[in-house]
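These notes are about the structure you will find just below.
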There are 2 protein chains.
Amino acid sequence: MKIVLDAMGGDHAPEDIVRGAILASRSCRSELILVGDESRIRPLLQAEPPEREIQVVHSDDNISMDDPAGPSLRQRKGASMVLAANMVRDGKAQAFVCAGNTAALHQIALTGVGRLPGIKRPALAVVFPTHPTPSIALDMGANADCRPEWLLQWAVMGSVYARLVLGRDNPRVGLLSLGSEEGKGNSLVAAVTPMLKQSDLNFVGNVEPTGFFRSQVDVAVCDGFSGNLILKTGEAVAEWFMGQVRQAASSSPLARLGGWLLRPALRSLAQSHDHSEYGGAMFLGLRGLVIKCHGRARARTIENGIRVAEEILTSQLLTQIEQSLERETAPSKATPCPTD
Amino acid sequence: MKIVLDAMGGDHAPEDIVRGAILASRSCRSELILVGDESRIRPLLQAEPPEREIQVVHSDDNISMDDPAGPSLRQRKGASMVLAANMVRDGKAQAFVCAGNTAALHQIALTGVGRLPGIKRPALAVVFPTHPTPSIALDMGANADCRPEWLLQWAVMGSVYARLVLGRDNPRVGLLSLGSEEGKGNSLVAAVTPMLKQSDLNFVGNVEPTGFFRSQVDVAVCDGFSGNLILKTGEAVAEWFMGQVRQAASSSPLARLGGWLLRPALRSLAQSHDHSEYGGAMFLGLRGLVIKCHGRARARTIENGIRVAEEILTSQLLTQIEQSLERETAPSKATPCPTD
């Protein structure tokens, strides 16, 4: 297996991307390929030689965090992100890990890697540290305006992920909404509900964020606009909370002592909600595996992104998703014609 | 000033609603009125006599947390929620505080209390403990499918609230979206942006949840579906975090000692994100003041809900909102006719 990385994407590129690959080279079994400015990558590899050789593919151009997605990206044929996506399309790599511009990556992956047969829109899938067991939610930001049939496909893809990677026998699928009762929600929720009910999925109805974070479902689907706001609210509130805990732990001499004694336990809490432990989000629905790491990713996030890519490649997720989509859209599942 | 309460609404009604009114009677200057089952309310008032007399209005019926909003509510003329809303309409009270069924309250307030002139849809407005200064966001769940002009009106109402109640001179208004750059968002965001730009408001553009929780705006607007998911995600993540901190503080004998020393500081953190400290959300856009307390409200939440109602009545918020809406929709602001 080969995993390609955009060495130039992300706030701390190329240093942390290269260092992440070096860290991963100690444990992963895949061959790693770094795409980017060779004159900046080589010295980093020489300074801290990897356990196993890492291939470097040179590129002159790279897409910045501020570059808008749009037609102008078509001109950027030599950009590291484009070259890396094309390597997946051409079978030169099986997975692509990237911490760069999300909107640009979405567009480049769509045209470069391409969609799985029958998939209307790929979705950004994120595994959340819900308690007591993790759950997957999609779409977390790839598609702002959505059609009902897309959410059905995302539910199918999420279910396969929950079964193969999270190890759930019969994954419970929920529709994220503002009330758990049927009928509560917007017009999209109303349109998707009968489609999910009619499917072969284990659809358990609407789920509120409170229920989602209490692991009442294994898979949650929603439109990418709401999903992205949920994702970022979770991140913002967690950050707010850690700041407040830190402040509480410096509010008096006794609280400072308490905070010092509690530090090791709190450090693992800080890690448990830290994106670097999860490696990243996936664009599900593409012909190849594309993992999006956080734009602020440091080396450890990249290392985990590579680990996650390897796990997913081993699980044969994409093949299984393709088969499940075929079943879900087989003629017997289609609404009968009036003449039938 | 008179404030009416639905004594029968909420998970802990009537006990905690009555107790909340008793607590509030010690400090508030308004006359309080409890609407509900007199045979259950009177003994509670006798057991713990309030500082000042609290009026009781009997009702035989009450709307439960599970009653669906819809045409059937029209038959419930004797329900405590309906009687209380009608008292605001008839000028027998200036504010209504309720911990009952949100969807039913929205519908009953719309028909019972009525809208301010020109208001298309009332919105649920919530003040968040964003850091370093609190901010108001709307709509947090009253309207699932929204039109662009509604968001403009909510921005106007939120601005007046931020000026009068939060004390901001020139409140910064943001549109909640999945990217802070213009052009990122769904079709609703795209439609609202030019309307906000053209308004007299201090519109600062798109804001992500991360920016919102860092107080980058004083007022944030979005559709009620996304807004409600944000509200509940915030609540869920805060709950998740407090659970994890508790778990961290019992992970070893030293951590337990640390947790014990840190307890007073953490208790005030738990309070700072607790809805009971904020009293509740407001339905802004109605002819009278309606405060929605959390369904799980205990006495202290109700007490704070009454305090918030009194503060808002004193600020003349509704009169000011009405004047601002008139300005915002004055002929000079309208798009000129082609013949002009």
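Naming: A, B, ... by sequence-line order, numbering from 1 per chain.
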Over 12 non-hydrogen atoms of neighbours within 6.0 angstrom of CD in A:E182: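 Atom CD in A:E182 is not crowded, with 12 or fewer foreign heavy atoms closer than 6.0 Å.
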
Pick from B:T210, B:T130, B:I230 with the largest number of heavy-atom pairs that fall under 4.5 Å of chain A: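 Between B:T210, B:T130, B:I230, the count favours B:I230.
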
Contact leader toward chain A among B:G211, B:G179, B:S226, where contacts are heavy-atom pairs under 4.5 Å: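 Heavy-atom pairs under 4.5 Å are most numerous for B:S226.
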
Quick check for you: to the nearest 0.5 Å, what is the distance between [X] atom [atom1] and [Y] atom [atom2]?
X      : Y      : atom1 : atom2 : result
B:L254 : A:W260 : CG    : CH2   : 8.0 Å
B:L229 : A:F212 : CG    : CZ    : 11.5 Å
B:L231 : A:L178 : CG    : CG    : 10.5 Å
A:F241 : B:W240 : CZ    : CH2   : 10.5 Å

Sequence neighbours excluded, every pair satisfying side-chain hydrogen bond (donor to acceptor under 3.5 Å, both in side chains) that has a member inside residues 247-258 of chain B: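 Not a single pair qualifies under side-chain hydrogen bond (donor to acceptor under 3.5 Å, both in side chains).
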
Chain B contact via A:N228 - side chain, backbone, both or neither, heavy atoms under 4.5 Å: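 Side chain only.
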
Residue selection (most heavy-atom pairs with chain B, distance under 4.5 Å) from A:G243, A:G141, A:S177: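 Maximum pair count with chain B is reached by A:S177.
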
Exam field: side chain A:N186 to backbone B:A144, donor-acceptor pair closer than 3.5 Å: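 No: the side chain of A:N186 does not pair with the backbone of B:A144.
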
From CA spacing to verdict: side chain to side chain contact (heavy atoms under 4.5 Å, CB included), A:T233, B:V237: CA-CA 9 Å; A:T233 299; B:V237 173; over 6 Å; no

Side chain to side chain contact (heavy atoms under 4.5 Å, CB included) between B:F225 and A:L188, worked out: CA-CA 10 Å; B:F225 183 78; A:L188 181 66; over 6 Å; no

Part of residues 66-75 of chain B lying next to chain A, heavy-atom separation under 4.5 Å: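 Near chain A, by residue number: none.
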
Those residues that, when tested against A:A125, pass side chain to side chain contact (heavy atoms under 4.5 Å, CB included) (two or more places apart):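 Partners of A:A125 under the side chain to side chain contact (heavy atoms under 4.5 Å, CB included) test: A:I136, A:L138, A:M282, A:L284.
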
Any residue of residues 213-223 of chain A which, by heavy atoms, sits under 4.5 Å from chain B: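 Residues A:F213, A:R214, A:D223 are the ones that qualify, each having a heavy atom under 4.5 Å from chain B.
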
